[in-house]
Amino acid sequence: MNTKEEILRRRTFAIISHPDAGKTTMTEKLLYFGGAIRDAGTVKGKKSGKFATSDWMEIEKQRGISVTSSVMQFDYRSNRINILDTPGHQDFSEDTYRTLMAVDSAVMIVDAAKGIEAQTLKLFKVCRMRGIPIFTFINKLDRQGKEPLALMEEIEEVLEIDSYAMNWPIGMGKEFLGIYDRYNNRIEQFRTEEDQRFMEVDEDGELIQDHSMKETSYYKQAMEDIQLLAEAGNDFDEERVKRGELTPVFFGSALTNFGVQTFLETYLDFAPKPQPRLTGEGELVEPANEEFSGFIFKIQANMNPAHRDRIAFVRIVSGEFNRGMTVTLARTGKSFKVSSSTQFLADDRETVESAVAGDIIGLYDVGNYQIGDTVVGGKKAFEFEKLPQFTPELFMKVTAKNVMKSKHFHKGILQLVQEGAIQYYKTLHTEDVILGAVGQLQFEVFEHRMKNEYNVEVRMEPIGSKVARWIENEEEVKESMTGPRSMLVRDRFDRYVFLFENDFAMRWFQDKYEHIKLYNLL
């Protein structure tokens with residue numbers, strides 16, 4: 001195939017949800033269908049010693065949660081699929097936020113018993129802001145949950161998006177019999193032999209064959225609901241799906257592997273191909289452009305603890321990448337040959353010789369890259385739109401327990417900070433290290449990784465939540481402006497930052513020093 005045909009085969013999406021809605025389990029099942037893994041290990045199956053393929057970090061295996069975004073690639077039918085499994089935990093929303101900048105669509109997993117939860121809402125808003133098409137999978141139908149119509153109503157009211165049911169459950173929990181597939185005009189039976197899984201329906205939507213299911217109240221209720229949806233529900237509109245205004249809704253159970261394959265096949269009928277991206281100058285870069293370009297949305301240290309490596313994850317926006325090619329890092333203007341590149345199945349990696357727009361590749365990093373960097377293959381260097389950075393809310397003073405390990409301590413901090421989950425500050429004269437994060441769990445992961453990956457035990461002293469503000473006119477800042485309620489520090493780029501005790505302290509400061517212009521990140 002030529003490059004343009006290869007690009008059109010790509011489908012790149014993120015899976016988003018609240019913790020425990022079944023996101024990583026869903027990822028496993030999709031990989032299973034893609035032939036990428038032989039046996040889908042669920043996140044809960046810790047006693048068997050079998051862990052989810054997408055959870056590669058030691059702390060994830062211990063806790064049964066995803067705290068980093070994993071990237072996985074597989075082929076299904078004529079498509080090459082790039083899945084990004086994001087952390088569901090709210091403390092890692094920044095990593096997820098940036099991951100959503102690297103995809104063309106999102107799959108939202110909703111727990112049928114809990115409906116729309118806080119983290120789902122937060123991530124959904126990011127998708128809406130970017131106009132990303134969203135496909136919804138309502139999970140855990142094998143357990144008792146909310147009424148399907150109530151769930152549809154919740155999606156529309158809470159998320160403020162129209163919905164269209166692509167299929168409809170027949171029963172639920174112990175009485176879950178299957179799904180009525182509106183898109184393919186068939187009924188898919190739950191827990192049955194493969195050759196009996198699908199049953200045909202007639203023009204009126206009724207089962208053609210005689211079957212005991214027809215006599216149940218669950219079947220009759222599903223038929224009534226489907227009639228109601230046909231008369232009063234939204235019409236399916238592919239253009240509105242592409243604009244992120246209408247979400248196709250699928251019901252199923254990822255754990256029992258029911259409805260997942262049907263979802264995947266239908267999703268691929270409507271999922272967008274690689275989309276163009278805006279540069280900082282407001283120009284659109286089309287995927288079919290001949291020149292290679294991409295941006296770094298994530299940096300991960302020590303994916304292979306034996307090698308102390310760092311990988312920069314690149315979303316290819318245009319053209320084709322070939323190993324050994326020369327690329328330019330737009331921020332510095334430096335050009336270099338890329339001889340080491342990789343693609344992923346969670347922690348299983350292989351060298352990639354070539355990749356095209358829509359793919360996610362890993363470049364080995366010796367400290368050259370930063371999150372948000374643009375890499376280009378042509379002579380014309382440009383930069384894509386900046387990636388969002390969050391303003392941290394919690395702060396910790398960090399020291400090495402063993403002073404003799406200060407070299408390892410500083411190296412470890414520097415590498416982990418470049419991943420973007422925690423932010424680094426130091427006090428002006430004593431140069432004490434202060435770390436900032438969006439959530440508490442980030443600090444726990446930091447402490448765990450410092451010990452396990454850098455062999456450094458750290459002492460962490462909370463200095464509480466602070467209001468961090470950067471300064472537009474740094475030259476006018478004087479040290480005399482600091483006090484017990486307004487601490488002046490420098491960030492990792494050597495910029496001044498005020499850490500205020502609370503909003504009141506910040507307002508007091510602004511009233512007193514009106515000429516100092518403060519700003520925050522996201």
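Below, each value reflects all heavy atoms present in this structure, side chains not excepted, and no hydrogens, waters or symmetry copies. For this chain, numbers begin at 1 and follow the sequence in order.
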So [Y] and [X], do their side chains get closer than 4.5 Å, heavy atoms only?
X: Arg143; Y: Leu255; answer: yes
X: Leu284; Y: Glu286; answer: yes
X: Leu159; Y: Arg128; answer: no
X: Met396; Y: Glu447; answer: no
X: Ile360; Y: Phe297; answer: yes
X: Ile296; Y: Val314; answer: yes
X: Val356; Y: Arg10; answer: yes
X: Tyr164; Y: Asp237; answer: no

Quick one: does any side-chain atom of [X] pair with a main-chain N or O of [Y] as donor and acceptor, under 3.5 Å?
X: Ser318; Y: Glu291; result: yes
X: Arg323; Y: Ser339; result: yes
X: Asn79; Y: Arg9; result: yes
X: Glu154; Y: Ile116; result: yes

Among Phe263, Tyr267, Phe258, exactly one meets ring pair (Phe, Tyr, Trp, His ring centres under 6.0 Å) together with Phe250. Which residue is that? Phe263

Run the numbers on Arg315 and Thr12 for side chain to side chain contact (heavy atoms under 4.5 Å, CB included), then give the verdict. CA-CA 10 Å; Arg315 157 70 195 235; Thr12 304; 3.9 Å; yes

For Thr247 and Ser163, what are the C-alpha separation, side-chain angles and deciding distance, and is it a side-chain hydrogen bond (donor to acceptor under 3.5 Å, both in side chains)? CA-CA 5 Å; Thr247 179; Ser163 63; over 6 Å; no

Any donor-acceptor pair under 3.5 Å linking the side-chain atoms of Glu156 with those of Asn234? yes

Judged by modelled atom types alone, do Gln73 and Asp359 share a side-chain donor-acceptor pair under 3.5 Å?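 The answer is yes; a qualifying pair exists.
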
Over 60° means perpendicular and under 30° means parallel, so tell me whether Tyr519 and Trp470 are parallel, tilted or perpendicular.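 Judged by the thresholds at 30° and 60°, the geometry between Tyr519 and Trp470 is tilted.
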
Quick one: sort the Trp168 and Phe251 rings into parallel, tilted or perpendicular, breaks at 30° and 60°. perpendicular

Count the heavy atoms belonging to other residues, nucleotides or ligands that lie under 6.0 Å from CD of Glu290, then report whether that count exceeds 12.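 No - once you tally the heavy atoms of other residues, nucleotides and ligands closer than 6.0 Å, there are 12 at most.
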
Just wondering, more than 12 heavy atoms not from Asp269 lying within 6.0 Å of its CG? yes

Which heavy atom of [X] sits nearest a heavy atom of [Y], and at what distance?
X: Asp104; Y: Pro274; value: OD2-CA, 3.4 Å
X: Ala468; Y: Asn520; value: O-CB, 4.1 Å
X: Ser335; Y: Thr328; value: OG-OG1, 2.8 Å
X: Leu435; Y: Tyr424; value: CD2-CA, 4.1 Å

Geometric cation-pi criterion, Arg98 with Phe295: 6.0 Å, 45°: no

Given the ring of Phe198, does Arg186 sit roughly above its face, with NZ or CZ under 6.0 Å from the centre of the six-membered ring and within 45° of the axis? yes

Go through the steps to decide whether Arg80 and Glu6 satisfy the test salt bridge (charged side-chain N to carboxylate O under 4.0 Å, His left out), and finish with yes or no. CA-CA 9 Å; Arg80 174 152 290 185; Glu6 276 294 342; 5.7 Å; no

Check step by step if salt bridge (charged side-chain N to carboxylate O under 4.0 Å, His left out) holds for Lys380 and Glu283. CA-CA 13 Å; Lys380 186 191 168 199; Glu283 289 176 21; 3.8 Å; yes

Checking side chain to side chain contact (heavy atoms under 4.5 Å, CB included) for the pair Phe321/Val375: CA distance, chi angles, key distance, verdict? CA-CA 11 Å; Phe321 167 84; Val375 283; over 6 Å; no

Might you work through the ring-ring contact (aromatic ring centres under 6.0 Å, His included) test for Phe135 and Phe13, ending with a clear yes or no? CA-CA 10 Å; Phe135 296 77; Phe13 67 92; 8.5 Å; no

Side chain to side chain contact (heavy atoms under 4.5 Å, CB included) evaluation trace for Thr99 with Ile16: CA-CA 10 Å; Thr99 298; Ile16 60 172; over 6 Å; no

One pair to check against ring-ring contact (aromatic ring centres under 6.0 Å, His included): Tyr183 and Phe270. What are the steps and the verdict? CA-CA 12 Å; Tyr183 177 65; Phe270 299 106; 5.4 Å; yes

